[in-house]
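Single-structure report; data block below.
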Amino acid sequence: MHSAEYNGYNQQVEKEKVNYFIPSSLPPEAASKVEEDAQPRYLEDEGFYVGEKPIVLQQNTNILENRLIKHGGRGWFGSDGQVDSLPNPVAEMATKPWVDSLDELDPCVETVYVKAQPRAVEDKYLQIIQNQVSDENELQIDIGSINFIHHSLMSREHVLASNITMMYDEYRMIRHKNYITFYTDKLAALRNAVETLKETLGVDPTALQKSRINDFTAEIRRTTQQLSTAESSERDMMRQIINEWEAIKSLREEQGYNNTSVRLVVKKEEVNYQHDLNNWETEVAHQVDERRAEYDVIILSAHQEEMRKYQVQLQEWKQNRLKMKRIRKRMQRGSKENLLDPSSEVAIADIIKPDKPPPFDDVTVKNEVMNDLIVNRRNPGEARISLELTHTTTITPTPSVPPSEANRRRAMQKTSSNLRVLFNGREVFQTEPKILSSDFKLNFGSIFRVRIAQWPESLKVGVVDTLRLVSKSITSTFYLDIPPTTVHSGNVRLGVSGFTSNKVESHTHEGVGSGTPFTLRTNETNPTSLNTKGQLISSVSWSLDANGRVLAPKGLVEREDPISGANPLKSNDPVIAIGAERLQDPESLTKWVQESRLDPNDPENAALVPFMQGNKDGDVFLTQDYFRLEQLQEEFNFITEEEFSRLNRFRLLRLRHEEIPEFRNISMLPCNEHEVTESAFTAYERRLKEKDVVKMERGVDGDRIEVLKFRQNVKDAVLHRFYTSRHHYSLQDMVHEEQVPDIGTLGASIVKIAEPRRPLKPVRKTRKKAMSQNLTEGSVRILVNVVRGYNIPTRQASHSHQPDRRGEVQVGGAMAASSLRVGQHLDPSSKSYLVAPFVAASFQDATVTTSVAQGPSPSWNEELQLPFCAPNSDYNASNLQKVDDVLFIHLFDRVTEDATPTNTEDTATIITRVQNHWLGSYELPFSTIYQRGKIDGTFKIKVPPVLLGYNLEREIVLYRLKLSLKYQSSGTYLTIFVTLEPVLKPMDPPNLTNPTTLRLKFESQEDVSLLRRCVTYLADCNKRYPNRNVKTTVIDIKGESVLITRFVRPLPPPPELTEATNTNTIITLEKIARFVSLIPFVSDNVTYAGICDLWSTCDQFMQMLCGDEEEHAILLLNYFLHLGKQAYLLLGTAVPEGNTAYVLTVDHNEYIIWNASTGEYHDKSDPHSPLQSVGALINDTNIWFNVQTQDTPMRVRYNVTRMSDWKAFFPITATPLPSIQPESLYYPPTDQSYVANLIDAVERTLKDRIVSWRPRHITRWNRSGNSILRQIVKGLEERVSRKTGVMVNTGHNEQLLSQLGDVRFTGYPMDQPYTGVEAVVSAVRSTEVHKIQDPDVEFSMAVHIHAYPASVLAVWVYVAAIVNRRRHDL
Amino acid sequence: MKMSVKFVGFTGKMAEVHVIGQLVGASEFPSHSLFCKWGLHAGGAWKLIAGLKGGQTHVDNPENEEHAYWSHPIDVHYATKGLQGWPRLHLQVWHQDMHGRNELYGYGFVHVPSSPGCHDIECVTWKPNGTFQEEMMQQFVGGCPQLKNPDLVYAGADRYKLHTTAMGKVQIRLNVILRNFDKYGVEC
């Protein structure tokens, strides 16, 4: 270790000199830099280019050179003794030109400063990024003035004056159009034309000329009528105006002062009486002539034609008769049988001599014409009157009027009004307040510009009245239309928009008030009541910028109707498009215009004039200008467009991408072109073809085609909307967040640990819902747990005496018939084991059965499993939603019978044959199971109304004891439990967070305050009883929310149903319910795949002929209301439908609940009623929510006036809101020939099918059986619509007994609404009649279709197997 | 890729391009909490037959890394009639600030590689400079000058006139599968 040592500075420098080399900054010797003993060469002097060397400081150069020399780096130096260096690397000019002034900036690279924006919620904000719409969207709103037509401060005189002004305006409009002169001229021209035509064409006109004359005469007649209506309406108008003026004058006299300045001046124009009279007479003569001509053409010629026909027919008939006589004579000689041809008899009745029409009566016609002219036209000599309304009367000054009037004027001066404009519900500006002038006009005259950043949805204007500068009140609000993009401030015109106010005001002074009754004229007895009403003269347009560009957001579509236009989704809505189709297609419009021969001079046709000449200069509307973007594209293409589109694989891929239903879920596409066959597209192409020509199903006529088309259109539109919205995801769809445990949940879990263990008490575990991606083919099953049955039909007692012939009707004469009757009175104990029922469940071609039980109340308690396959193996919720398969649960009776021939020698062996007799069935749509998860309950089995060999009416002692027995249904019931394993997650109901559904919700024509009230009402109801079914608004077929009460309106049922019987009897109601239930049922879930419930109005429903519970219920309710019943729509839950709608009728404390889709009805205390809970009652005035603690139908008190039991939607029963239902329904009569054809078609199909189901057996048809069944089946519809009448089994049997002889008979009649032939076929198949194996079996079948009006058809099929016993026993 | 002169006839096959990959993430941006809007732009001869050709990633805000990860999938399938208008991927990187407001951070674009196989691509981004006032506003209240015409990102020849600032890089991984191009005389 050394101690610290200090050396002096100089010493240190010395030391460093030894170690360090510090190059000197003095220039080194030139000689040391170049080759030894060489002189430096200066290349530049020798004429070489050396370039410019970079500038370095001399001192630095010296240091560098010295260092290089020290290190012996002579190589670094050039021959000139300088360090070798490259030319200056720094470029003097910048390679990128500097654009210094912003003015020169190319517009295409312009940038725009955008502020940081908050996250765009929903799509309401304009899409800045995609559409590149800057914030330069500007609406220009020009508020002109307000004209009050009625105001609460108006005096009586003002009211009259405003009336007269309005009438005068109308009158002026009529005068301006000058219809009278127009029609008179036209008439004269037409008559001239006819005259000349008649002159030119001589004696024998050709058919063409005749038809031209006829055309002209028809036109003349039409014009004459138009002329008289025009003239009479003008005269009426004048009369009214003069009356009003009289009223004003008398009022002014009576009150002694003037409030208004109006004054009517009547101008008379004297006319030449003689001239007029001449004109008038010629007019009469003309008209009489024309009528005569018309008479000749229409009536006389028709009569002649008929006479001619009659002659021909008569001749034929005479010849026939002669022939017949000859035949008959021959016959009488030959055989005894008198073959009388019935057709010849009928023919006589058919030929009726046509009546001769009454001759043309000149005098009466002339009188008629003259009367017509006197009433409608100006009479000869009557002065021509014209009216003029002036404002020349002086208004009496305030000091000289009575105090009440002075008060009114003072009040007017204190009242000022201004306008508030709200854009998308937010106030954007207010106008200056203006004081009412004496003529009730407010002049604003101000223009406002509104910059918008949101999608324009609504523009609302509120009229605010300010009284004495303090109290402000909004009198009325109304909406202005958002203009289409073509309307800008350069071309906009002021328009009129009307508004009304519902505010009730009354004054102590002369002001008549608003919404309060007052007497307008002194002699009037009925007070009138007027609401404040007015017109705003304003305009809304898009602003123009400096370059004349319209500052409207891109993508704003032209709106045709104010509600739907703004929504791009709606632009291809066929429901809207149906009406406007022709207008969007100029070609067909041109065609139409040309075909309909419009008058080009008629001012009403002015808009169509361009289309009339459309043909002259070729296709004006079809020429198109081209702009090609990529000019050289064609030359470099691999393949042409045409070849490209022919590629099948490409087409398949594209169709899959577009989510065309047929291709939506194809997961495996062939890799090579040749592996894709044309057949892959056949289904799709067929559908495309059918879209235009709906498939000509057998027997489907024009009516049904229309219906199918309409249904398809609606379905396509709704589905399209649905699929577009499906691609919008909300955060909840993408991110699943587990709830973070907080104190509450932690505490609960701690408490759980401390809980006593109770191993014997099982805890219900909720089953886990399976996600769709985990599901594969075959992993989903439907579990059907069949528990027990009640009241199953028993075999008729007669069979117990003959055990070898169980299950068939003994048909063999009077003895058997009497034994039938005896059998019904046997004591119940002997009836046990008279039936061996079992249940078969079938779904998607798979059928499983339970074991066979015994007796009418069997208990199976068996679980059946049925496999479920989703279409295309796609287990997505949206796909499952659309599965329209049905789970059938059939009830059969198993009958064993001897098959051993009686005459065999081997008596020890007995062969029996098993036969299943169908007793009834129950249908459960898959969509219901899927939506509800599990179905649990006791269901009524649909049993055919006539079940041969079985007793349907089993007496149920328990129920018969009750008093309210009248409507007790005593059917057959099954207790079943159905669920899916594993549970599939149904599609979420549309949630409010999703912006698209939110928008769906907001689309409504209802008042905003009403909608808000709906929301609060629903929230309140759901808070109190979350499980009760209640609705306030529903979505109609256009996708708009409509208040539910608007669907209720009394509608007349088809007159066929109500005539003949007393309208108040239960039979009529049953008939109507039957009619409604025959309209096919299609669940919304299937049709509109999980979107939401769509309600259609009754006319749409009748047109589409399909709907679900709500449509049926609404129609039934409207019918009942028309019959004067007290009826409500009942929203509740039922098995198996879940939330549903029923109809409740109240009649003297009898409460009947109708299931409109099945036509069944139950008393409220019926224990087997499918209705489980009552949520709400609705009629056309109000909605009542059930706030009682009980909601089962039998415990609910139905008195809706009790506030404590029912919560009403409207606090006071207001007048019902206008309904959206039509006033009446049109029931087109069903085409009988179509029905006859349909019967034939169904019968033929069924016979073919039955034959094809029995491939190994001969199928014989028993023709006499067919005709008997046909007779029976025709009477069945009458019988079934009368349910209270006891099922007439015996009468039915007797018919058979007498005609069929000794046969065994197994058969079932069944009925269903007609939806298609296939539905009928599957119903017949489910009876399993065709499975009867007996070698001697013969089949009979009859089909009957009962046609109700409006193509509602009830199909009856009676199918039976007949075994002739006589032959069998031989 | 080169075009060789061969007899080219209608072979009944279409040239296809599969682009499968992901927007991996972004780095070197001035701050994080970034998301990206992307789109694929192809010429008129190209037909999209499956997949989405545009989208937006989530906002990623890593706490301790100078990198934002999106791993946003891209899976598109094109069929084409010709080579013109080879698909291009264009991007907009956005920044979400602490108030939840969005501002533009950069534009960028790359061509989809024309050789088959896996490609790791880094796309540099830039954003336009504004005027002094706009720069100040950007500093204090956020926001950014944006192109009026965003097509300029991948289409413009006039882009040199823009004053821009370099921003970060976006990492993209794309797998390209080509099919049937050889049938039309294009060698890959």
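Reminder, nothing fancy here: chain letters follow the sequence lines and each chain counts from 1.
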With side-chain contact (heavy atoms from CB on, under 4.5 Å) as the criterion, how do B:I172 and B:V24 come out once you've worked through the C-alpha distance, each side chain's angles and the decisive distance to 0.1 Å? CA-CA 5 Å; B:I172 305 155; B:V24 180; 6.0 Å; no
Using the side-chain contact (heavy atoms from CB on, under 4.5 Å) rule, take B:F35 and B:Q56 through it: C-alpha gap first, then chi angles, then the decisive distance, then the call. CA-CA 7 Å; B:F35 68 97; B:Q56 181 177 328; 3.2 Å; yes
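Ion pairing of B:E16 with B:K47 is absent here, as no side-chain N (NZ or NE/NH1/NH2) approaches a carboxylate O to less than 4.0 Å. A salt bridge is defined here as a Lys NZ or Arg NE, NH1 or NH2 lying under 4.0 Å from an Asp or Glu carboxylate O, and B:K127 with B:E135 fails to meet this definition.
Residue contact with chain A, scored on non-hydrogen atoms closer than 4.5 Å, involves the backbone and the side chain of B:A79 alike. Interface remark: A:N672 contributes backbone and side-chain atoms alike to the contact with chain B (heavy atom separation under 4.5 Å). Residue contact with chain A, scored on non-hydrogen atoms closer than 4.5 Å, involves the backbone and the side chain of B:Q138 alike. If you measure heavy-atom distances from B:H77 to chain A, the contacts under 4.5 Å come from the side chain alone.
In summary, the aromatic rings of B:Y78 and B:W46 are positioned with their centroids under 6.0 Å apart.
The candidate with the highest count of non-hydrogen atom pairs below 4.5 Å against chain A, out of B:D97, B:T80, B:L104, B:V141, is B:T80.
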